[in-house]
Amino acid sequence: GAGVSQSPSNKVTEKGKDVELRCDPISGHTALYWYRQSLGQGLEFLIYFQGNSAPDKSGLPSDRFSAERTGGSVSTLTIQRTQQEDSAVYLCASSLWGRNTEAFFGQGTRLTVV
Amino acid sequence: GIQVEQSPPDLILQEGANSTLRCNFSDSVNNLQWFHQNPWGQLINLFYIPSGTKQNGRLSATTVATERYSLLYISSSQTTDSGVYFCAVDHYNNNDMRFGAGTRLTVKP
């Protein structure tokens, strides 16, 4: 694709519900990152995928958060039993090889938990 | 882990003024990128610059890897330059890009 695509753009959910956020990386990019940005804050790393290697999950804030990447392409970030503090913009990025290659971001998914 | 510090945290300019944004990092890095986050939240790539100097129109960037800093220059600023500027680094010890806290730039007409 032309760029990193994320869906939905906006999601409003009730506290306690599960949500799934989707990321389509740039075609051919083997590395994929998820970040979270709370209102007015910087970017917080969540998880990193590189090819067929085991993902780096060191940034996931709790076991309610999980992510998978099917076929080395599309990734889904799942948040179970959402809490109000999960409200944020979730950003996905991809790069050709990970380290030493330029990363490009999608437009983000704005999640609001009410 | 590696620390990334950006300065100043906030900057207000009159249209047409020049500015310099700074990014310091605490260890050797493999890679450094500058991004502009526009008011709609989109992160726009400005420079991929692990070392040396690059220019793109009114913007230029210099990274001095041996001294662990990078500078972003904005000349003849325009209101559309407003937003938050982030630098992000790759460190050998981390898989993720490590971001600074950003510089919030406001350009007034």
Side-chain angles (χ1 to χ4, degrees), chain A residues 2-6 8-10 23 26 29-51 53-61 67 69 87-112, chain B residues 1-10 21 23 25 27-52 54 56 61 63 65 70 82-106:
Chain A
V4 179
S5 178
Q6 293 187 244
S9 298
N10 285 284
C23 173
I26 293 172
H29 280 195
T30 65
L32 187 147
Y33 310 77
W34 282 99
Y35 285 82
R36 177 170 73 174
Q37 187 176 30
S38 301
L39 188 62
Q41 302 299 308
L43 277 76
E44 175 190 6
F45 167 70
L46 296 178
I47 189 168
Y48 169 79
F49 295 91
Q50 167 55 41
S53 302
D56 178 351
K57 305 180 182 179
S58 60
L60 294 178
R69 189 177 184 195
S87 296
V89 176
Y90 289 81
L91 292 157
C92 173
S94 72
S95 69
L96 192 57
W97 295 112
R99 288 183 191 156
N100 300 326
T101 58
E102 189 173 5
F104 298 86
F105 279 84
Q107 82 281 13
T109 294
R110 182 175 299 276
L111 176 66
T112 304
Chain B
I2 190 168
Q3 303 299 312
V4 183
E5 295 182 354
Q6 292 187 242
S7 60
D10 293 278
L21 282 58
C23 174
F25 38 96
D27 200 355
S28 300
V29 297
N30 300 320
N31 174 22
L32 186 143
Q33 289 189 239
W34 283 97
F35 296 92
H36 174 215
Q37 189 168 42
N38 64 24
W40 296 271
Q42 176 73 49
L43 279 159
I44 309 296
N45 288 40
L46 296 179
F47 294 101
Y48 171 82
I49 186 167
S51 63
K54 292 186 176 180
N56 184 4
T63 296
S70 184
S82 296
V84 183
Y85 290 80
F86 289 103
C87 70
V89 301
D90 271 346
H91 185 243
Y92 71 92
N93 215 25
N94 300 102
N95 286 316
D96 60 301
M97 295 177 289
R98 196 61 55 92
F99 280 76
T103 292
R104 181 174 298 278
L105 175 64
T106 303

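Order of the sequence lines fixes the chain letters, A, B, ..., with proteins taken first and strands second; residue numbering starts at 1 for each chain. Reckoned from all heavy atoms, side chains included, excluding hydrogens, waters and symmetry mates. What you see is a predicted model; the values in this text were computed from it and never measured.
- Heavy atoms only, all atoms of each residue included: A:Gln37 and B:Phe86 are closest at NE2-CZ, 3.7 Å.
- Put simply, the side chain of B:Asn95 does not reach to within 4.5 Å of the side chain of A:Gln50, judged on heavy atoms.
- Atom-to-atom distance recorded for B:Asp96:CG and A:Phe45:CZ is 4.5 Å, nearest 0.5 angstrom.
- In terms of heavy-atom pairs under 4.5 Å with chain A, the best-connected choice from B:Val29, B:Asn31, B:Val84, B:Ile44 is B:Asn31.
- Heavy atoms of other residues, nucleotides or ligands lying less than 6.0 angstrom from CD of B:Glu5 number 12 at most.
- The distance from atom CZ of B:Phe99 to atom OH of A:Tyr35, rounded to the nearest 0.5 Å, is 5.0 Å.
- With hydrogens and angles ignored, the 3.5 Å screen pairs no side-chain donor or acceptor of A:Tyr48 with any backbone N or O of B:Asn94.
- When heavy atoms are compared at a cutoff of 4.5 Å, A:Leu91 approaches chain B solely by way of its side chain, counted from C-beta outward.
- Contact between A:Thr101 and B:Gln33 at its shortest, heavy atoms only, is O-OE1, 4.1 Å.
- Residues B:Asn30 and A:Arg99 approach most closely at ND2-CD, 3.9 Å, considering heavy atoms.
- Per-residue counts of heavy-atom pairs under 4.5 Å with chain B were compared for A:Gly108, A:Gly106, A:Ala103; the largest is that of A:Ala103.
- The shortest side-chain heavy-atom distance between B:Trp40 and A:Gln107 does not fall under the 4.5 Å cut-off.
- We find the CG-OG distance between B:Asp90 and A:Ser95 to be 8.0 Å, quoted to the nearest 0.5 Å.
- When heavy atoms are compared at a cutoff of 4.5 Å, A:Phe104 approaches chain B by way of both its backbone and its side chain.
- Annotation: side chain of B:Tyr48 is in contact with side chain of A:Asn100 (closest heavy-atom distance under 4.5 Å).
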